[in-house]
Amino acid sequence: MINLEVPKKFAALVNQARQSAAEVFRPNSRKYDHAEHSYPQELDLLAALLDGLNDAGQGASGGAGGVRRSKDTGGGVRNGGNMSTALGTIELCWGDVGLLLSLPRQGLGNAAIASVANDEQLKRFAGKWAAMAITEPDCGSDSAAIRTTAELDGDHYVLNGTKIFVTSGERADAVVVWATLDRSKGRGAIKSFVVEKGTPGFELVRLEHKLGIRASDTAEFRLENVRVPRENLLGSPEINTEQGFAGVMQTFDNTRPLVAAMAVGVAKAALEEARELLVESGIEPDYDRPPHRQPAAAATFLGLEADWEAAYLLTLQAAWMADNSKPNSLQASMAKAKAGRTGTDVALRCVELCGTLGYSEHSLLEKWARDAKILDIFEGTQQIQQLVIARRLLGKSSKELR
């Protein structure tokens with residue numbers, strides 16, 4: 001039996017996240033869409049509040065920061081940090097996904113640290129704002145093709161390479177950089193390293209001008225003989241060709257449900273706005289009548305809502321599994337694939353349903369349509385998610401199914 005209600009213990013968090021989205025994100029959404037690369041000062045107070053919730057031990061913030069997986073559920077069923085973060089992320093992205101990605105100390109690199117860091121590293125990097133650098137000019141969706149190298153030299157690793165499309169790269173305190181210890185040994189040699197800003201040789205090359213999520217900075221970095229302490233390597237330094245790069249890929253099991261939650265939040269905002277505009281024009285969806293007996297716009301809207309609910313449930317399933325120490329790689333990819341595509345489809349169809357109102361700056365619909373697209377791309381494209389899902393369901397390796 002699946003309980004579709006928000007767990008009671010998270011009701012206050014969800015309400016607080018919705019209030020923050022309504023009072024901070026929405027009023028500044030258009031402002032920072034126009035003022036690309038300007039840091040949203042309004043977020044500092046909200047970030048301090050989220051830090052306070054974390055320090056008070058209330059599970060997790062409503063932001064996108066990392067959540068440590070539970071190792072023991074005590075034999076019962078629990079809704080913990082991953083679930084609360086997913087629910088909070090949905091509500092905040094109802095406000096603005098770009099502003100969520102701009103929240104200090106809530107970067108995707110924080111999720112990477114939470115996933116694979118040891119206890120000493122967790123303490124040392126506590127309070128840091130961490131971005132994550134995977135993509136390279138010659139390596140997009142295929143993370144195994146990473147060319148950035150890391151060579152051990154005494155007590156340091158020396159990193160060389162280029163990273164592009166680093167979310168919050170300019171603003172973050174540190175960047176989790178994926179690099180290979182030995183390209184000849186394939187996936188098993190790929191590791192992640194915490195590179196702190198200001199490290200010699202770690203150069204910010206430029207900031208991207210983007211279609212959407214303009215409130216969030218997206219950076220390109222060049223690494224030239226960057227010396228990183230060996231204790232900044234996340235996970236085991238051993239190269240295990242049998243295991244592949246499962247260690248660093250565990251990061252995605254945490255972050256893909258969060259990106260799915262972002263897409264669910266944007267789609268939720270678009271549906272609510274579209275419904276309001278449809279009702280104002282005299283078209284109100286009727287849940288007691290079959291779609292074919294309603295106006296085409298109402299029938300389309302009902303179909304979009306059903307699609308959204310499927311994405312929402314898959315997202316909660318992936319988060320719940322993480323909280324209950326269940327392997328969720330398949331479900332994380334299913335949630336990301338479904339929500340990424342649904343977020344884009346819903347936002348664009350809502351623009352279409354609302355006509356000129358949806359395409360102008362009269363509402364935020366046109367902005368949400370632009371913002372939604374990236375959620376189907378980063379943390380693994382739609383095509384990559386389908387490939388991962390197929391491998392899991394068919395029991396095929398990456399060599400057997402490409």
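Positions are given from 1, in the same order as the sequence printed here. Atoms considered below: every heavy atom in the structure, side chains included; atoms not considered: hydrogens, waters and symmetry mates.
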Do the side chain of [X] and the main chain of [Y] share a donor and acceptor less than 3.5 angstrom apart?
X	Y	answer
Asn15	Ala12	no
Gln385	Glu379	yes
Trp320	Asn79	no
Lys128	Ala174	no
Ser29	Phe25	no
Asp323	Arg78	no
Asn28	Val24	yes
Lys336	Thr381	no
Ser168	Leu101	yes

[X], [atom1]: over 12 other non-hydrogen atoms inside 6.0 angstrom:
X	atom1	value
Lys9	NZ	yes
Leu394	CG	yes
His362	NE2	no

With a 4.5 Å cut-off on side-chain heavy atoms, are [Y] and [X] touching?
X	Y	value
Lys163	Ile146	yes
Lys191	Tyr157	no
Val194	Gln121	no
Phe202	Val175	yes
Arg26	Asp96	no
Ile374	Lys210	no
Pro237	Leu152	no
Pro257	Met321	no

Check: Can you list the steps and then say if Thr344 with Asp376 is a side chain to side chain donor-acceptor pair (under 3.5 Å)?
Finding: CA-CA 7 Å; Thr344 302; Asp376 196 30; 4.7 Å; no
Are any of the side-chain nitrogens in [X] or [Y] under 4.0 Å away from the carboxylate oxygens of its partner?
X	Y	result
Lys268	Glu91	yes
Glu203	Arg222	yes
Glu231	Arg124	no
Asp371	Arg214	no

Margin query: Ignoring hydrogens, what is the shortest heavy-atom contact between Asn328 and Ala322? Give both atom names and the distance.
Written below: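 Taking every non-hydrogen atom into account, ND2-CB, 4.0 Å.
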Margin query: Testing the basics here: between Pro285 and Ile283, what is the closest heavy-atom pair and its distance to 0.1 Å?
Written below: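 Nearest pair, atom of Pro285 first, then Ile283: CD-O, 3.8 Å.
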Note to self: Quick one, Ile134 with Phe252, criterion side chain to side chain contact (heavy atoms under 4.5 Å, CB included). Give me CA distance, side-chain angles, the key distance, then yes/no.
What the structure shows: CA-CA 11 Å; Ile134 302 173; Phe252 285 141; 3.6 Å; yes
[atom1]-[atom2] distance between [X] and [Y], expressed to the nearest 0.5 angstrom:
X	Y	atom1	atom2	result
Thr85	Phe10	OG1	CZ	8.5 Å
Asp182	Glu151	CG	CD	9.5 Å
Arg391	Ser398	CZ	OG	5.0 Å
Ser333	Arg392	OG	CZ	7.5 Å
Arg230	Phe193	CZ	CZ	10.5 Å
Gln294	Tyr287	CD	OH	9.5 Å

Notebook entry, point to check: How far apart are the C-alpha atoms of Lys31 and Glu42, what are their side-chain angles, what is the distance that settles it, and do they pass the side chain to side chain contact (heavy atoms under 4.5 Å, CB included) test?
Noted result: CA-CA 11 Å; Lys31 173 182 175 181; Glu42 294 86 350; 2.8 Å; yes
Checklist line | Phe378/Phe165 aromatic ring centres below 6.0 Å | finding: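 Ring-ring flag for Phe378/Phe165: false, centres at least 6.0 Å apart.
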Next item on the list: Determine, step by step, whether Val166 and Thr218 satisfy the side chain to side chain contact (heavy atoms under 4.5 Å, CB included) criterion, reporting the C-alpha distance in whole Å, the side-chain angles of both residues, the deciding distance to 0.1 Å, and the verdict.
Entry: CA-CA 5 Å; Val166 181; Thr218 304; 6.0 Å; no
Next item on the list: Using the side-chain hydrogen bond (donor to acceptor under 3.5 Å, both in side chains) rule, pick out the option among Thr199, Asp155, Asp153 that qualifies with Arg227.
Entry: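 The passing option is Asp153.
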Check: Hey, mind stepping through Leu277 and Leu365 against side chain to side chain contact (heavy atoms under 4.5 Å, CB included) and telling me if it holds?
Finding: CA-CA 11 Å; Leu277 292 174; Leu365 274 174; 4.0 Å; yes
Margin query: Would Arg171 pass as a cation-pi partner of Trp129, given that its NZ or CZ must be under 6.0 Å from the six-membered ring centre and within 45 degrees of the axis?
Written below: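 No, Arg171 does not lie over the aromatic ring of Trp129.
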Margin query: Can a side-chain donor-acceptor contact be found between Glu272 and Trp94 if the only test is distance below 3.5 angstrom?
Written below: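 A pair is found: one side chain offers a donor N or O, the other an acceptor, under 3.5 Å apart.
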Checklist line | Glu136/Thr162 under side chain to side chain donor-acceptor pair (under 3.5 Å): CA gap, chis, key distance, verdict | finding: CA-CA 6 Å; Glu136 301 177 2; Thr162 299; over 6 Å; no
